[in-house]
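Here the structure is a predicted model, which means the values were calculated and not measured. Atom set for the values below is all heavy atoms of this structure, side chains included, hydrogens, waters and symmetry mates excluded. Per chain, numbering begins at 1; letters A, B, ... match sequence-line order.
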Amino acid sequence: MRQSQLLIPTIKEVPADADIVSHRLMLRAGLIRQVASGLYTWLPLGLRVVRKIEAIIREEMDRSGAQELSMPVVQPAELWRETGRWEKMGPELARFQDRHERDFCLGPTHEEIITDLFRREVHSYRQLPCNFYQIQTKFRDEVRPRFGVMRAREFVMKDAYSFAADQASFDATYREMHRCYSRILMRMQLDFRAVEADTGNIGGANSHEFHVLADSGEDTIVHATEGDYAANLERAVSAPPPPCGAATETMREVATPGVTTIAQVAALLDAPVTQCLKALVIRGKKGPIVIMLRGDHELNLIKAQKIPGAQQPLEFADAAEILAATGANPGSIGPVGLQAPLIVDPQAAATADFICGANRDGHHYRGVNWGRDLPLADSQVLDVRNVAPGDPAPGGQGELRFLKGIEAGHIFQLGRTYSEAMQAKVLDRDGKPVTPIMGCYGMGVTRLVAAVIEQHHNAGGILWPDPLAPFDIHILALNYGKSSIVREAADNLAAQLEAGGLATLLDDRAERPGVKFADADLIGLPRRIVIGDRGLREGRVECRIGHGAEMEALAPNEAAARLTDLQR
RNA sequence: CGGGGCGUAGCGCAGUCUGGUAGCGCACUUGACUGGGGGUCAAGUGGUCGCAGGUUCAAAUCCUGCCGUCCCGACCA
C-alpha cells in the first residue's frame, strides 16, 4: 500500500492532553483521533492493529471450542428488568427510548441477551457445555474516561458466555478459558499475570483478571515471591499473623493534647507505628461501625464493604456521627469501652501492648491488650486491610510484592445468577429441569492496543511485535518522486513482497529522508527496507529485519526472498 | 459525583494579572534551492479568542452563568 494514499497523520508535537506513553504514541503515529471524551475514531493504521488482535483472539477462542455469534448493541429494557440490573446499574448504563417510547439501552455487556437466547434455543443437557462469544462494540458511560482508548466509553470487547449442566463441566470450561486467555496474551508478546480478583458488579463467586504489566496501569496486583499466588490488591490476603504476644505492660491513659494522627501519636509516645492501632468509622445499617487497623495499614474498601451490617455502598461516618457514637472526635477514638460495634483486622488483633485512642479528646491508652483490657470475639476479627509489600504470602512461602497492571481480561464464575433470574433451564438425563451454571469472559480488544504499546515502545515510537504490526514491511523509498531508479526498484520490490503475501507499506511520499525515517520510527513496523540512489548504484537496498537488528545491504531480489521466506 | 487545571488558526503555545490594531512555532499552499535522520529562503492561506449575558467609550483580557476537555479520588475490558 502506498503511504501517500493512506491517512497516517503523524504529528511531531505531543498533544497536551495525552499523559501516558501509549496515548501519546497512538496520537502521534496517527492511530486514533478523539471525537469526544472517551470516544475515538480509529484511523487506518490503528484499525489494522485492532483487526490483528481480533484475529488472534478469534483463532484462540475457536480453538477452545467457543462459537462466534453477534448480538445487538441496542438492548430492550425488559431483559434487564428480569435480572434487576435495569434498576441496579445506575448512570453507567446509557438508556434511551425509541419512537414508541419503549426503553432501551446500549449494551455494556450481554449476559441478559445471551441468556435469553439460550433459554429460547437450548433445551437439552446434550447441547452442553457450550460457550458463545462475540467481538463487538460496547458502551459504558464511564465516570471518568481517561488515558485515550485505555478507558474509553465506547470500546471493542470480546465477550464470551458459557453454559454447563454441572460444576465439573463448568470448571473444565473455565480452566480452558484461563488457558485460552494466556495463549492470546502470549501470542501478543505481552508480559502479563493472571490474578485472583473481586467480581464487582457482574456478580458470582470467583474470578480471575489478566493484567498486562505496566507502570501506567491503574490496578495494583500482588504476587508472592515464591509459589504462584497472585491476586488483585482488592482481594489479596497475607498469611495470618503469628499469635498475639503476651502482655508486658499495664494499660494506662496518657495525655496526648492536639495529637490526632498515628504518626503524631507514635512520635509523641516514642513507639513504633506498628504498636499503634487506628480506628476508622463507617456507616452501618444500624449506626456507625468502628474498624481497628494497625497504624501502618490501610483499609481495603472492597473488603470493608463486605462487613456484615455495613452500608452499601461503603460510606465513612462524619465527625458528628463519630462524636455521638464514641464520645470523642476522630483522632482520639479507640476500642476500649466502646458502645458501637467493633471489627478488628487480624493484624491489629495480634498486636499486644498496643496504643489506641481513649474515646476522650486529647487522650490515648497505651499498654492495651485484647482479652485482658477489653473483650474480643472471634467473630469480630475480619481481614479488612490492604496487604502491604513484604507481608508474608498466604501459605507461608515467600513474601508479597506489588506490580502495576492494566486489566486486559477478566473471567468470571457466574454460577446460576442469570440463568435462575431468567428461568433458563435444560432437561437432564433423567428428564428433570436443571438450571445451567454460567461463566462469562471479557477481553478488552481496543484497550489491548494501548497495553501493547505500553510494553513495546522506545524514544522514537512504537515497536510493534511481529504478530500485531499494522503492516509487515515498511519500504522507505528515498527521493521517490525524482529518482526513476528508486521508483522502479521500490515499486518492483513492493509488488514482489505483496505477491509473497506480505502487507507492505511503501513510503512514496515526496518527503525528505529525515521525515521518512522519523515517521517510520514512530509507526514502528518491525521490518524495514530503505531504498535510495546511493545503495542502488551498488545494486543494493538496506534491509532491517526486527526492531533491534542491524541494517544489511542486500540486492533487491535477495531482500525480497529473505522476507518472503520468513513469512513461511 | 467531589477537588484542581485548561479552552486564543489544523496542532503546540504567548498575550489575560495591569482592558485600547490578535501574535509566535509547527503544519498547509506556491516558488526556488536542497536531497540518507523532522533542511533553507521567499511569498501566502487560515482566528465570531468555547458559548451566553453583564460592566465599560472600549473586553481575548474584568464579573456572572453555562458548556467542553484534561488531571487527581470512588467504578471497570
Side-chain angles (χ1 to χ4, degrees), chain A residues 9-20 23 27-28 30 33-39 53 57 89-93 108-110 135-160 181 197-202 207 209-212 218-219 232 234 299 301-302 304-305 313-316 405-412 440-451 460-461 476-483 486 509-522 530-537 541-542 551:
Chain A
T10 56
I11 41 182
K12 228 190 301 191
E13 272 169 314
V14 186
D17 289 343
D19 226 44
I20 63 171
H23 189 195
L27 290 166
R28 290 229 290 136
R33 285 294 183 265
Q34 184 180 45
V35 174
S37 179
L39 302 176
I53 295 175
I57 291 176
M89 280 294 281
E92 188 179 324
L93 185 67
T109 176
H110 282 68
I135 297 174
Q136 189 228 32
T137 298
K138 297 281 185 282
F139 188 87
R140 297 182 186 176
D141 199 353
E142 286 279 350
V143 196
R144 181 149 104 74
R146 60 183 131 175
F147 303 146
V149 298
M150 194 77 89
R151 174 177 304 278
R153 292 195 290 179
E154 189 178 299
F155 58 100
V156 175
M157 176 164 122
K158 188 284 301 173
D159 48 324
Y181 273 38
D198 191 82
T199 50
N201 261 355
I202 305 271
S207 78
E209 290 171 346
F210 287 76
H211 284 271
V212 174
E218 296 183 77
D219 290 85
N232 190 305
E234 292 171 349
L299 187 69
L301 298 175
I302 302 292
Q305 175 113 42
L314 189 74
E315 284 175 13
F316 288 97
I406 298 162
E407 186 186 354
H410 200 160
I411 61 178
F412 298 86
C440 78
Y441 316 91
M443 187 166 252
V445 176
T446 39
R447 176 180 286 181
L448 273 166
V449 180
L476 309 193
L478 308 182
N479 200 20
Y480 182 93
K482 294 202 181 143
S483 164
V486 166
R509 297 174 303 165
E511 294 287 354
R512 296 173 58 83
V515 174
K516 295 195 179 199
F517 284 118
D519 278 351
D521 289 345
L522 244 186
V530 181
I531 302 180
D533 291 303
R534 206 167 74 182
L536 282 180
R537 281 198 289 269
V541 298
E542 286 147 82
M551 276 287 182

How far does the [atom1] atom of [N] sit from the matching atom of [M], given to the nearest Å?
N	M	atom1	answer
rG4(B)	rG47(B)	C1'	29 Å
rC24(B)	rA42(B)	P	14 Å
rU30(B)	rU8(B)	C1'	28 Å
rG15(B)	rC49(B)	C1'	10 Å
rG36(B)	rG12(B)	C1'	29 Å
rC51(B)	rG7(B)	P	14 Å
rG65(B)	rA58(B)	C1'	23 Å

Is [X] near enough to [N] that one of its side-chain N or O atoms lies under 4.0 angstrom from OP1 or OP2?
X	N	answer
R146(A)	rG73(B)	yes
R144(A)	rC71(B)	yes
S37(A)	rG68(B)	no
Q34(A)	rC70(B)	yes

side-chain contact (heavy atoms from CB on, under 4.5 Å) filter on R534(A), not counting sequence neighbours, yields R537(A)
Side-chain atoms of R447(A) come closest, of rC76(B), rG38(B), rG12(B), to rC76(B)
Closest of rG38(B), rA77(B), rU69(B) to the V515(A) side chain is rG38(B)
Residues at least two apart in sequence or cross-chain that pass salt bridge (charged side-chain N to carboxylate O under 4.0 Å, His left out) with D19(A), listed by chain then number, are none
